[in-house]
Enquirer: 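Sending over a structure as structure tokens; questions will come in a sec.
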2 protein chains.
Amino acid sequence: MAEPCCVPITTSQLSESEADTLASLLKALADPVRLRIVSIIANCGEACACDLPAVLGRSQPTVSHHLSLLVSAGILDREQRGKWAWFKLNRDRIGSITAALA
Amino acid sequence: MAEPCCVPITTSQLSESEADTLASLLKALADPVRLRIVSIIANCGEACACDLPAVLGRSQPTVSHHLSLLVSAGILDREQRGKWAWFKLNRDRIGSITAALA
DNA sequence: CAAACATATTGACATCGGTCGATATATCCG
DNA sequence: CGGATATATCGACCGATGTCAATATGTTTG
């Protein structure tokens, strides 16, 4: 079960700060490149940053930017393995979004 | 049950165009003012545009802009009653977002 | 029709956000 | 240590977006 990081939209009226919090989380997902990153990781279980620029058709700095944004939002977890960075999905965080929209 | 307007993130890998579609829908929700509009309407069942500028602390043109954006995204339905515009929530559309993130 | 009121559109402005090339930092390996 | 490789940061560019004042459009009513 996801943690209640966001107040559900439909059960009580969102305050300004609650709306800000949920909006930031949604913004983190609301980009095609980031959605594809999340989708890839959700399917493969994890992904190495080194493979993503080729798959996504974006430069290494751009991919790095999106990855760190997703980590900041709590959607991905980062793990350093040697010189590679691996990422996996924080499913509770996704769950908290769907819970807020339920 | 919501219509499957978006492909689930976690069950198959999103194509570029599927990611574009879902991202547009998420973008429509990913704003604090729009989230508060949706929250108000979800709780009250419906809302008149005339009441929203005061509640939201935004100008009438700004509120009108957000409302038409939400209608374009299919999240709200608009109904003209005399000179007033009333809006209600398209819950299937919200459901299709949560389904895509499930 | 004309006045009054509700909503939409326009235009302008400032800020945000995605992108890349260049460069810095970090890690491994010989 | 020093070269090679992986990732992050910086700086710049440009299009997208939220906002409001001014104005236009549309609807009711006298």
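The structure presented is a predicted model; accordingly, all values stated were derived computationally and were not measured. Order of the sequence lines fixes the chain letters, A, B, ..., with proteins taken first and strands second; residue numbering starts at 1 for each chain.
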Enquirer: Measure from CD on B:Gln80 to P on C:dC5 and round the result to the nearest Å.
Expert: 17 Å

Enquirer: Would you mind reporting whether B:Leu76 and B:Lys88 have side-chain heavy atoms less than 4.5 Å apart?
Expert: no

Enquirer: How close or far is atom P of C:dT19 from atom CG of A:Leu67, stated in whole angstroms?
Expert: 12 Å

Enquirer: Nearest whole angstrom, please: distance from the P of C:dG18 to the CG of A:Leu35.
Expert: 11 Å

Enquirer: Among residues 55-65 of chain A, which contact DNA chain C at a heavy-atom distance under 4.0 Å?
Expert: A:Arg58, A:Ser59, A:Pro61, A:Thr62, A:His65

Enquirer: So do A:Leu29 and A:Arg34 actually touch side chain to side chain, heavy atoms under 4.5 Å?
Expert: no

Enquirer: Once you round it to whole Å, what is the distance between P of C:dA6 and CD of B:Glu79?
Expert: 18 Å

Enquirer: Rounded at 0.5 Å granularity, tell me how far SG in B:Cys48 sits from CD in B:Glu79.
Expert: 11.0 Å

Enquirer: Give, ordered by number, those residues of residues 70-78 of chain B having at least one heavy-atom distance below 4.0 Å to an atom of DNA chain C; if nothing qualifies, reply none.
Expert: B:Arg78

Enquirer: On DNA chain D, does the nearest nucleotide to A:Lys27 precede the nearest nucleotide to A:Ala85 from the 5' side, or the other way round? Give the residue.
Expert: A:Ala85

Enquirer: How would you label the contact of A:Arg81 with the nucleic acid (heavy atoms, under 4.0 Å): base, sugar-phosphate, or nothing?
Expert: nothing

Enquirer: With a 4.5 Å heavy-atom cut-off, do B:Ser15 and A:Arg36 have their side chains touching?
Expert: no

Enquirer: Rounding to an integer number of Å, can you tell me how far B:Asp51 CG sits from C:dT7 P?
Expert: 8 Å

Enquirer: Please report the distance, rounded to the nearest Å, between NZ in B:Lys83 and P in C:dT7.
Expert: 9 Å

Enquirer: Ignoring the backbone of A:His66, work out which of D:dT19, C:dT27, C:dG18 is nearest its side chain.
Expert: C:dG18

Enquirer: Check the distance between D:dT27's P and B:Trp86's CH2 and give it to me in whole angstrom.
Expert: 18 Å

Enquirer: For the pair made of CZ in B:Arg36 and P in D:dT19, what is the distance, rounded to whole Å?
Expert: 10 Å

Enquirer: Are side-chain heavy atoms of B:Leu56 and B:Ile40 found at a separation under 4.5 Å?
Expert: yes

Enquirer: When you measure from the side chain of B:Cys48, which nucleotide among C:dT7, D:dG18, D:dA6 comes out closest?
Expert: C:dT7

Enquirer: Once rounded to the nearest 0.5 Å, what's the spacing between atom CG of B:Leu67 and atom CD1 of B:Ile41?
Expert: 6.5 Å

Enquirer: For A:Gln60, check side-chain hydrogen bond (donor to acceptor under 3.5 Å, both in side chains) against everything at least two apart and list the hits.
Expert: none

Enquirer: To the nearest 0.5 angstrom, please state how far the CG atom of A:Asp20 sits from the CG atom of B:Asp31.
Expert: 9.0 Å

Enquirer: How long is the gap from OG on A:Ser39 to CG on A:Leu89, to the nearest 0.5 Å?
Expert: 10.0 Å

